[in-house]
**Student:** 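The structure is given below, and queries will be raised subsequently.
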Amino acid sequence: MKIDWAALGSVFGVSLASTVGLVVLFTLGINGLSRREKAAARGGSAALAVTGAYLCFAACAAAVAYGIYLIVVKP
Amino acid sequence: MESFSLILAIVVVTALAFDFTNGFHDTANAMATTISTGALKPKIAVAMSAVLNLVGAFLSVEVANTISKGLVDETGIRPEVIFAALVGAILWNLLTWLVGLPSSSSHALMGGLVGATVASAGFGAVHGDVLVTKVLLPAVAAPVVAGLASLLATRFSYGVGGTADGEATRKGYRAGQIASAGLVSLAHGTNDAQKTMGIITLALVAGGSIAPGSNPPTWVILSAGMAIALGTYIGGWRIIRTMGTGLTDLEPRQGFAAQTSAATAILASSHLGFSLSTTHVVSGSVMGAGLGRKGGVVRWSTATRMFVAWALTLPAAALVGAGAESVTGLGDWGTAVVAVFLVAASAAIWKISRREVVDHTNVVQETEPAGVVTTAIAAVTPPPAGMVTEDLTATIPAPATEPAPAPAAPPAAAV
């Protein structure tokens, strides 16, 4: 019996890293947006936070695109 | 297609029926958390999942016959064996749907194949080590991998984001959930519809209708895609309820973490060559997300029932598959008996399900009625033993009694 520990380990590592990374990125993005919401309520603006937020979302979108790429072009 | 015999037609129809049950069994995987957190309305969620499953079925032209490859000896496999395997898989899918437990459709199919092959060619034809490395180990690994990932992700998300609660937060997590659920649906379509295509193609090759090594004909791709999409749209609401609200209570943020973890684990596993079952991944990630929030709980009684169902999936489907195969071996009338048995059993299960209807209107109700739980416990444990004897003696009227709440050992005893 040959168990492919390397494959299992890499699945584990990749899933863990990318899930945590993506969720944290997304949360940061949402934080940025809600900061704008609060700033707008006070009549100010939060340009830096919003730029950061959109960068985060862009990274998430890239990850989704990569996911679709993996689905479509599976070996 | 001149040599399209009757048995081949039966196999194709049964395979499509399996594809249908696969679709509606697995709607929960993609959409349960999306529905329970209110990110999408139930009907819209299943419609979206159905469309993406259909798209997924067409995305890849590669025949995914990993199910049959390696696990059993393909040489000399007859259409009857495939038919028997499908009978086992369908009945197990319907039974677990009746009690609202998520279980792996792939495992059911593999179990059916193993059982039917053993009955047809003996134990030598099954590769035991492949069974362990491809079925048992992934079943243990999947919920752990996805669960840990989503637990940590949830914890970090609450750590980083605090408990921000505004319009932007709400909308954001909603969009995130929809996107990750869409990915899961798409991946499911490519994987599971392909499995059915592989099975049908295998049957066509076995029946001598098409040459070995050929790609699935267009009508196979089309009908398999339609069957899984239709099944997804009909929706296994009972399983959605268990997965969405039965295992734990999810806030949108947790739903997002769970769904993201599921999507990445599924993609990573299928890409890195360590195939994990979608069902196991999603169940694990839902529980992980439940544990990740402070004060979050996992209802371990429901989880335990689910684990019992997982453990039983392969042997139960194998027993039914073996029984069906030994009956079809008796001749053409044996095949007819099995076909009638399948239809009668399916009808009986559907009839029982009507006693307590779960659909898109009551899928997210918080209270899980006690009746469902007790019948679940009663129905999960006894069938394997009961079904075999019924199958072996080849009596048709048996199915009506099979899921009846017979006196049952508590699930803990069966583990």
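Protein chains get the first letters and strands the later ones, always in sequence-line order, with residue 1 at the start of each.
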**Student:** Taking side chain as everything from C-beta outward and backbone as N, CA, C, O, which of these in B:Leu137 sits under 4.5 Å from a heavy atom of chain A? Side chain, backbone, both or neither.
**Tutor:**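 Side chain only.
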
**Student:** Pick out which of A:Thr27, A:Val23, A:Ile30 makes a side chain to side chain contact (heavy atoms under 4.5 Å, CB included) with B:Arg253.
**Tutor:**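 Among A:Thr27, A:Val23, A:Ile30, the one meeting side chain to side chain contact (heavy atoms under 4.5 Å, CB included) with B:Arg253 is A:Thr27.
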
**Student:** Which atoms form the tightest heavy-atom contact between A:Val14 and B:Ala268, and what is the distance?
**Tutor:**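 So the minimum-distance heavy-atom pair works out to CG1-CB, 4.0 Å.
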
**Student:** Might you point out which heavy atoms bring B:Ala141 and A:Leu8 nearest each other, and give the distance in Å?
**Tutor:** CB-CD1, 3.7 Å

**Student:** Does a side-chain heavy-atom distance below 4.5 Å link A:Phe12 with B:Leu148?
**Tutor:**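 A:Phe12 reaches B:Leu148 side chain to side chain.
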
**Student:** Report the distance from atom CG of A:Asn31 to atom OG of B:Ser157, rounding to the nearest 0.5 Å.
**Tutor:** 8.5 Å

**Student:** Could you state the interatomic distance from CG (A:Leu25) to CZ (B:Phe156), rounded to the nearest 0.5 Å?
**Tutor:**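 With rounding to 0.5 Å, CG (A:Leu25) is 13.0 Å from CZ (B:Phe156).
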
**Student:** Provide the closest heavy-atom pair for B:Thr169 versus A:Ser34 in the form atom of the first, atom of the second, distance.
**Tutor:**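 Looks like OG1-CB, 3.9 Å.
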
**Student:** Return the minimal non-hydrogen interatomic distance between A:Thr19 and B:Ala257, and the atom names on each side.
**Tutor:** CG2-O, 4.3 Å

**Student:** As a quick check of understanding, evaluate side chain to side chain contact (heavy atoms under 4.5 Å, CB included) for B:Val145 and A:Leu16, giving each step before the final call.
**Tutor:** CA-CA 7 Å; B:Val145 170; A:Leu16 196 69; over 6 Å; no

